[in-house]
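In the text below, chain A, chain B and the rest are named by the order of the sequence lines, each starting its count at 1.
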2 protein chains.
Amino acid sequence: MKQRPTIKDVAKRAKVSLSTVSLVINNKGYVSQSTREKVERVIRELGYHPTRSARDLALRKSGNIGFILTNDHFTQSEPFYTKIFLGAEFEAQKHDYYILLTTVEKKFDSLNSIPRFLKEQNVDGVLIAGQVSIELIAYISSMNIPIVLIDYDVENHKHSTVLMNNYRGTQLAVEHLLELGHKEIGFLGGDLDHPSIYQRYLGYKDSLDNAGIIIKDSWISAKEPDTKQQDGYNAARAFLNNGESLPTAIIAANDAMAIGCLRHFTEAGIKVPDDISLIGFDNIERSYHVKPPLTTIDVNKFEMGETAVRTLTETIINGNGYVNHIKIPVTLIVRESTDKNVDHHIKKRTHHK
Amino acid sequence: MKQRPTIKDVAKRAKVSLSTVSLVINNKGYVSQSTREKVERVIRELGYHPTRSARDLALRKSGNIGFILTNDHFTQSEPFYTKIFLGAEFEAQKHDYYILLTTVEKKFDSLNSIPRFLKEQNVDGVLIAGQVSIELIAYISSMNIPIVLIDYDVENHKHSTVLMNNYRGTQLAVEHLLELGHKEIGFLGGDLDHPSIYQRYLGYKDSLDNAGIIIKDSWISAKEPDTKQQDGYNAARAFLNNGESLPTAIIAANDAMAIGCLRHFTEAGIKVPDDISLIGFDNIERSYHVKPPLTTIDVNKFEMGETAVRTLTETIINGNGYVNHIKIPVTLIVRESTDKNVDHHIKKRTHHK
DNA sequence: GCAGTTTATCGAAGCGCTTCGATAATTTCG
DNA sequence: CGAAATTATCGAAGCGCTTCGATAAACTGC
């Protein structure tokens, strides 16, 4: 196996010094036209290409960016972060970066939670997707490595973030329902401590406020501990048992909860959308296959990944301190779980049975 | 920003030479218990960790493995290679490798098709998923870089391969149909030149042969140029118009074709599985949502990725020449598109109308 | 008790590249 | 026309690590 040529071979063959070759490769300093051409010719002849690790060592950088997420994401059925990752991967390729992927435990453990690529100084910047421990973020931050957070917002706004426009999402949902003639619109949330969910709640609340509608407490459910299907199911039951009349439409914090809610409604004989309209959020695969298909809010995950990489490379170039908060637009997907508010008095009777 | 400690700092502080520290880190050569402990203590105190690029340069390796696929895969809706990639990613993590992903054009172009990580000598081995140009494979091979092919088999068996057991898949399908009492079993294939499809065809043919059933030409369709849904649709039409009676069951080369076939049958008033049973292959997402849900053959894609990485790391360690051909097992997923062969004479009448 | 091993440590060279001066040749222009 | 600035090239040092001898001390065993 014959060795690949090094910069030395190029220099020898072109009868110039190592440094000159380096200058040509990097388009730096002063090199006369003639020697530049000579060197370039030799490079072509030899099929030379600089070796990554040598260059990295000399430049004290890596050409990689790290992608961190908690290890439960990939095992989830919904490929949310997978799509973000792919978007990032493609954008990174454009900027001549490679992405090193790693997963970490949800809870921080200073021994094991530090991704290897950080210890090895093998990344120039880091993408963090979803809710990782703030200790880890702080640790990376303390190493002075640029960070971009995706779909997760920490309180201090020290790092750039790429979020979906949660607020705008529920706003769209409310607008859609208002157009359909609904006035009594509920919100089925889970854990309001989660920033995204809270934003969705706010978008809902503000929109109704602006429409001059006074929200009744009984329209809102936010007692469930999480935002999974089961929580939606439970929340739906709570709705039915609170002694108050149901709103004519419900916006769920996400599709999973909406689907759980839908299931309970179906069991309880409440028809969606005839008796009540229902909107989800996230546009997960299943929201399309459920009966009836869910009206929901979609965000382009691929674009989130792309944008994150673009932001990160800019931070790498411009140095830290460059902070950017980007909201990726969302769109309303109208399917069959929402319908006109025909006559809500009939409905009240229906679900009081 | 204070510099991270280097091996030099460790040496100084531990009052030993650079080389001794290196020996300790790598567990090599002779080091007395006492100095070993001393060095290890200092390493801990300083929070030292060797830097990747320096080590790579010295060792002339990279600690990365490349993952190549053609650029159309990720744009396809079916996340087939995505799952393989994730399997590979996780397994790589266990072996302390990072995966560098890249896509290449289907047709080889010596200028642009060479992945950057190859030019930069930035990978110790390469995973190739799907049908990439043989020129590229030959090129990589000529650089003496270990290769493992996934879901693609080139003629010369110079490289390790990880394939799904296509042959076994259609064998399972035939067994299933035989148990249901079918004797007239057709095969709806596309491009038989594709090795995977051909293996599926062989599994079908051999199984019927072994069962003592003589296959009629009219049961087999293999004239379509590709294996997409439209090809299945067209093939189904050809089946109906060939003047012969239909078999009582059909095995399609893949789910896409099966779904196309199903669509045409539905349009033609032929009921699946009442009039004819139908089996797909691949277990794509849609095969589950179609009416009726498709009986099909599933393979664990994640496992394919894992196995490929395991094979590759072994080749990297043991040197080339270590060649392994692995077939990942498949399983039959019985859903609603197959049923007992009740009375096929009635059926014949049905579809002759 | 001494030649031959084994164990322990270290200095120096080397991996392939970048970059900082130093030197020299060429150009500018007051 | 000569001092200063610009252009061109190169040698050497350095990036942080591994590894090959060299050297020396500590054991073998006869």
field: Earlier contact from the 5' end, DNA chain C, for B:Ser34 and B:Arg60
entry: B:Ser34
- request: Could you check B:Ser62 against B:Asp56 for side-chain hydrogen bond (donor to acceptor under 3.5 Å, both in side chains), going step by step and ending with a plain yes or no?
  value: CA-CA 5 Å; B:Ser62 76; B:Asp56 285 350; 5.8 Å; no
- request: Using modelled atom types only, decide if a donor and an acceptor are shared between the side chain of A:His95 and the backbone of A:Tyr97 within a distance under 3.5 Å.
  value: no
query: Between A:Asn165 (side chain) and A:Pro329 (backbone), is there a donor-acceptor pair under 3.5 Å?
result: no
query: Taking for each residue the nucleotide of DNA chain D bearing the nearest heavy atom, is the 5' side occupied by B:Ser53 or by A:Gln33?
result: A:Gln33
message: Between A:Arg13 and A:Tyr48, is there a side-chain heavy-atom distance shorter than 4.5 Å?
response: no
- prompt: Would you call B:Leu312 and B:Pro146 a side-chain contact if the rule is heavy atoms closer than 4.5 Å?
  reply: yes
[X] pairs by side-chain contact (heavy atoms from CB on, under 4.5 Å) with which of [options]?
| X | options | result |
| --- | --- | --- |
| B:Ile128 | B:Leu136, B:Ile147, B:Thr161 | B:Ile147 |
| A:Val21 | A:Asn26, A:Val39, A:Asp9, A:Thr35 | A:Val39 |
| A:Tyr98 | B:Leu101, B:Asn122, B:Asn64 | B:Asn122 |

query: Can you give the first and last nucleotides of DNA chain C, 5' to 3', that have an atom under 4.0 Å from a heavy atom of chain A?
result: C:dG16 to C:dT19
The helix from C:dG1-D:dC30 to C:dG30-D:dC1: angle between end helix axes, five pairs per end, rounded to 10 degrees: 30°
field: Close residues, residues 9-31 of chain B, relative to DNA chain D [heavy-atom separation under 4.0 Å]
entry: B:Ser19, B:Ser22, B:Asn26, B:Lys28
message: Less than 3.5 Å apart, any donor N or O on the side chain of A:Glu89 or A:Gln93 sitting next to an acceptor on the other?
response: no
- request: Enter the distance from A:Thr51:OG1 to B:Gln121:CD here, rounded to the nearest 0.5 Å.
  value: 4.0 Å
field: Sugar-phosphate, base or nothing in reach of A:Thr35, heavy atoms under 4.0 Å
entry: sugar-phosphate
query: With a 4.0 Å cut-off on heavy atoms, is A:Leu57 in touch with a base, just the backbone sugar-phosphate, or nothing at all?
result: base
